[in-house]
Amino acid sequence: MPAVDSADAATWVVLGRTEDGVAAALLDAEGVELGRRALTANGRLEWIARVEADAAPRWVWHDTPAWYAELLAAGIRVARCHDLRLCHAILRDSSLVHDDAGLRAARQWDAAALVDAVAGAPALFEIEADTAAGPTTLPDRLEDALAEFARQRRAAAAASEPGRLRLLLAAESAGALVAAELRAAGLPWDAAVHDRILTEVLGRRPAGGGNPARVDELAARVRDALGDPSASLDSQPKLLRSLHRVGVLVESTSKWELAEQRHPVIAPLLEYKQLMRLLTANGWTWLSEWVHDGRFRPVYVPGGVVTGRWASSGGGALQLPRRLREAVRADPGWLFVVADVAQLEPRVLAAMSRDTALADAARGRDLYAGVVAAGAVTTRSEAKIAMLGAMYGATTGDSGRLVPRLRRTFPRAMALVDEAARTGEDGGVVRTWLGRTAPAPSLQWSAAQSQATEAQASQADETRARRWARDRGRFTRNFVVQGTAAEWALAWLADLRTRLADMAPVGAQDAAPRSGPAFATRPHLAFFLHDEVIVHTPAARAEEVAEAVRASAAAAGRLLFGDFPLDFPLDLRIAPTALKE
DNA sequence: GTTATAGGCGCG
DNA sequence: AAAGCGCGCCTATAAC
């Protein structure tokens with residue numbers, strides 16, 4: 001194989017470890033290898049930066065954070081990649097794939113996400129050839145990557161809907177780049193504001209440990225109302241017994257059940273629980289652990305949820321309480337563009353099912369108002385709980401009662417989710433718009449179903465089988481919608497990321513030094529949460545960024561659903577904080 | 001001592 | 001009000 005200097009003709013550049021260190025294999029558009037190049041410790045970052053600038057190939061690597069974190073730290077951004085781990089998982093499970101390539105047999109690629117960037121696992125470039133790969137690590141040698149990449153290309157080419165699958169693989173990989181960039185950039189976070197909120201809500205933080213003043217006060221009031229100065233408030237069973245002793249006959253200590261009761265203990269107890277939640281989940285300990293140098297750097301896990309949504313690992317990035325959004329503060333001279341999609345999931349459902357009646361209802365800003373206008377229900381709140389009930393599989397309560405009305409008004413959309421539920425109950429698999437496929441039922445599930453059909457099956461066997469079947473039906477019903485919404489969001493992110501990178505940098509005097517070299521002079525993504533993005537931008541660029549965010553949403557809709565007439569309107573604001581409303 | 005689970009609650 | 005989906009993280013407690 002010839003050693004090559006120029007990567008201009010390469011469509012793909014595969015990176016991996018070799019006996020001597022790290023090497024790159026250059027492939028043309030058909031996947032034919034053009035040559036290889038060893039990347040020495042001295043010149044490799046420069047070479048990658050130069051190839052990216054000259055040829056912008058799609059970088060193929062076994063795991064994005066393992067390779068990209070170091071590039072970002074050196075100020076090198078890449079436009080495109082192919083994440084072998086994430087793409088393997090999609091192709092392995094997709095019902096669109098007919099596995100002639102032996103992809104499913106490549107079990108070494110099934111390893112879970114590599115953890116963990118937080119603790120500072122050694123970057124791949126630091127790993128020497130003599131480091132034995134443990135059983136929980138993915139293959140990272142160049143030969144492994146080339147073989148797996150070839151399998152994936154064959155599997156995708158032979159799939160039933162290769163176009164959709166390739167779109168999904170590209171979107172998933174772009175998401176991996178975004179996740180690494182989000183972590184590298186961090187979310188601007190003002191620790192002083194966070195501390196002020198905590199002090200206002202919880203009371204002053206005691207110097208020598210123990211609970212803040214307001215928490216102690218509330219605990220005393222609760223114990224007083226319970227008539228027990230030593231009552232335990234943090235142990236659910238003990239608290240339940242204490243409540244029963246004073247005549248509060250609840251079955252659990254959850255807040256919704258407590259809220260129905262009328263007793264002097266209820267109000268202080270609910271507030272106590274709320275405050276303790278804030279203290280333990282996002283109090284001063286969280287602040288000192290997760291916020292450094294004015295940045296919150298959560299660990300995102302792309303594809304971490306079975307539906308394709310992202311998960312998070314450490315920092316709780318996807319559960320930040322709304323009251324702390326005030327602590328999200330742009331750097332001086334910078335602003336945020338905060339945007340979320342209004343009612344993403346029902347819109348996605350309308351497009352998937354080609355339900356023009358639902359698309360018509362979605363035409364304005366407020367889909368639920370449109371549902372009322374269509375005559376399905378009489379109030380907005382009814383529209384909302386009915387629509388959620390249809391997508392989640394509600395059978396009881398107001399929600400369950402209202403769903404049939406939606407079925408009459410939006411038969412195509414409802415048929416899609418009803419069919420997904422039926423397929424799931426029968427043990428079948430469902431897939432998203434682009435082909436991400438729900439896991440097959442477990443062996444235990446299938447055994448329970450067949451057992452229930454046997455002659456000697458007990459009533460309990462049948463009841464359990466039916467319950468599990470309905471459980472799975474609700475899961476597959478929701479999977480198709482939640483998963484396709486996640487695909488739309490990935491397309492939105494990927495397009496927006498490109499638009500932001502194409503913007504001209506601002507002068508160095510406006511730079512935000514704390515975001516790191518790759519993000520110091522340009523608008524950059526700072527946060528993502530299922531259907532919401534926050535872009536951190538030089539103030540002078542804010543309007544331009546807002547336009548890009550809107551344009552990307554429109555582009556995502558077209559990319560997935562072509563010319564189906566459907567809006568994806570955003571709630572968007574430009575502000576120095578991430579506060580909503 | 002560590003690990004696993006349940007209840008509870010934050011987010012979409 | 002809470003039910004119907006998907007998560008992560010906290011505490012207490014049980015299990016090992």
Side-chain angles (χ1 to χ4, degrees), chain A residues 211 232-240 250-261 269-270 272-283 285-286 289-290 298-325 340-346 348-349 381-382 384-403 406 417-418 420-421 424 430 432 436 438-439 467 470-486 488-489 527-533 571 578 580:
Chain A
N211 284 338
S232 168
L233 308 187
D234 301 320
S235 161
Q236 188 264 353
K238 290 177 188 168
L239 177 59
L240 199 55
V250 286
E251 289 185 12
S252 77
T253 61
S254 61
K255 65 177 180 185
W256 62 264
E257 200 178 349
L258 289 173
E260 292 175 338
Q261 302 291 320
L269 178 55
L270 288 176
Y272 172 84
K273 286 161 76 86
Q274 198 181 21
L275 266 50
M276 280 301 280
R277 165 80 191 190
L278 179 63
L279 175 65
T280 56
N282 295 98
T285 308
W286 181 92
E289 186 174 355
W290 287 100
V299 181
Y300 293 97
V301 185
V305 177
V306 63
T307 57
R309 273 187 175 181
W310 290 11
S312 68
S313 161
L318 308 185
Q319 320 149 234
L320 287 177
R322 301 175 77 94
R323 68 186 350 166
L324 285 185
R325 281 176 161 263
D340 61 59
V341 195
Q343 305 111 19
L344 176 57
E345 291 188 352
V348 158
L349 174 58
S381 77
E382 279 186 346
K384 183 172 180 176
I385 61 173
M387 192 59 74
L388 291 175
M391 294 187 299
Y392 292 167
T395 54
T396 62
D398 284 354
S399 183
R401 272 196 298 283
L402 290 166
V403 171
L406 292 188
V417 285
D418 288 344
V430 298
T432 60
R436 194 185 308 263
R467 191 177 71 244
R470 282 195 299 266
D471 288 348
R472 185 152 195 282
R474 286 194 301 278
F475 165 64
T476 52
R477 169 190 293 272
N478 185 249
F479 180 94
V480 295
V481 179
Q482 187 185 120
T484 303
W488 184 94
F527 190 67
F528 170 61
L529 179 55
H530 305 320
D531 62 358
E532 173 183 6
V533 297
D571 290 324
K580 283 196 177 178

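Here is the naming used below: chain letters follow the sequence lines, and residue numbers restart at 1 for every chain.
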For [N] and [X] - does any side-chain N or O of the residue sit under 4.0 Å from the phosphate oxygens OP1/OP2?
| X | N | value |
| --- | --- | --- |
| A/Arg322 | B/dG12 | yes |
| A/Arg474 | C/dG4 | no |
| A/Lys273 | B/dC9 | yes |

Length of the line joining [X]:[atom1] and [N]:[atom2], which is rounded to integer Å:
| X | N | atom1 | atom2 | answer |
| --- | --- | --- | --- | --- |
| A/Leu320 | B/dC9 | CG | C1' | 14 Å |
| A/Gln274 | B/dC11 | CD | C1' | 15 Å |
| A/Leu324 | C/dC9 | CG | C1' | 15 Å |
| A/Leu318 | C/dG6 | CG | P | 16 Å |
| A/Gln319 | B/dG10 | CD | P | 11 Å |
| A/Leu239 | C/dT13 | CG | C1' | 15 Å |
| A/Leu270 | B/dG8 | CG | P | 13 Å |
| A/Leu258 | B/dG8 | CG | C1' | 11 Å |

Using the test side chain to side chain contact (heavy atoms under 4.5 Å, CB included), find all partners of [X] that sit at least two apart in sequence or belong to another chain.
| X | answer |
| --- | --- |
| A/Ala420 | A/Val430, A/Val480 |
| A/Thr395 | none |
| A/Ser381 | A/Thr379 |
| A/Ala390 | A/Val403, A/Leu406, A/Met414 |

Shortest non-hydrogen contact between A/Pro346 and A/Met387, atoms and distance
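Nearest heavy atoms, A/Pro346 then A/Met387: CB-CG, 3.8 Å.
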Who passes side-chain hydrogen bond (donor to acceptor under 3.5 Å, both in side chains) against A/Gln319, sequence neighbours left out?
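Not a single residue meets the side-chain hydrogen bond (donor to acceptor under 3.5 Å, both in side chains) criterion with A/Gln319.
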With sequence neighbours excluded, tell me which residues meet side-chain hydrogen bond (donor to acceptor under 3.5 Å, both in side chains) with A/Glu257.
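A/Glu257: side-chain hydrogen bond (donor to acceptor under 3.5 Å, both in side chains) contacts with A/Ser252.
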Quick check for you: to the nearest 0.5 Å, what is the distance between A/Lys384 atom NZ and A/Ser399 atom OG?
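Here the rounded value is 12.0 Å.
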Heavy atoms under 4.0 Å, any strand shown: does [X] hit a base, just sugar-phosphate, or nothing?
| X | answer |
| --- | --- |
| A/Ser235 | sugar-phosphate |
| A/Leu344 | nothing |
| A/Gly397 | nothing |
| A/Gly400 | nothing |
| A/Val306 | sugar-phosphate |
| A/Glu345 | nothing |

Minimum-distance nucleotide (side-chain atoms of A/Glu260 versus C/dA2, B/dG12, C/dG4):
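From the listed options, C/dA2 comes nearest.
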A/Gln482 side-chain proximity, nearest of C/dA2, C/dG4, C/dG6:
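Looking only at heavy atoms from C-beta outward on A/Gln482, the closest nucleotide is C/dG6.
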Base B/dC9 paired with A/Arg277 side chain (donor-acceptor, <3.5 Å):
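A donor-acceptor contact between them is present.
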Tell me if the side-chain of A/Arg477 makes a donor-acceptor pair with the base of C/dG4, cut-off 3.5 Å, by modelled atom types.
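No, the side chain and the base share no sub-3.5 Å donor-acceptor pair.
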Enumerate all atom pairs, one protein N or O and one N or O from nucleotides 3-7 of chain B, separated by less than 3.5 Å.
| unit_1 | atom_1 | unit_2 | atom_2 | d |
| --- | --- | --- | --- | --- |
| B/dG7 | O3' | A/Gln236 | NE2 | 3.3 |

For DNA chain C, the expected dot-bracket line (Watson-Crick or G-U under 3.5 Å, [ ] crossing, | inter-strand) is ....||||||||||||
Assuming nearest nucleotide by heavy-atom distance, tell me which of A/Asn478 and A/Glu257 is located more 5' along DNA chain C.
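Whichever sits nearer the 5' end wins; that is A/Glu257.
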Could you check whether A/Glu532 pairs with A/Arg325 (Lys NZ or Arg NE/NH1/NH2 to Asp/Glu carboxylate O, under 4.0 Å)?
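The answer is yes: the pair qualifies as a salt bridge.
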With heavy-atom distances below 4.5 Å as the criterion, would you say the side chains of A/Gln482 and A/Arg309 are in contact?
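They are in side-chain contact.
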May I have the list of side-chain donor-acceptor pairs in residues 272-280 of chain A shorter than 3.5 Å, sequence neighbours left out?
| unit_1 | atom_1 | unit_2 | atom_2 | d |
| --- | --- | --- | --- | --- |
| A/Tyr272 | OH | A/Asp234 | OD1 | 2.8 |
| A/Tyr272 | OH | A/Asp234 | OD2 | 3.3 |
| A/Lys273 | NZ | A/Thr253 | O | 2.8 |
| A/Thr280 | OG1 | A/Met276 | O | 2.8 |
| A/Thr280 | OG1 | A/Arg277 | O | 3.4 |

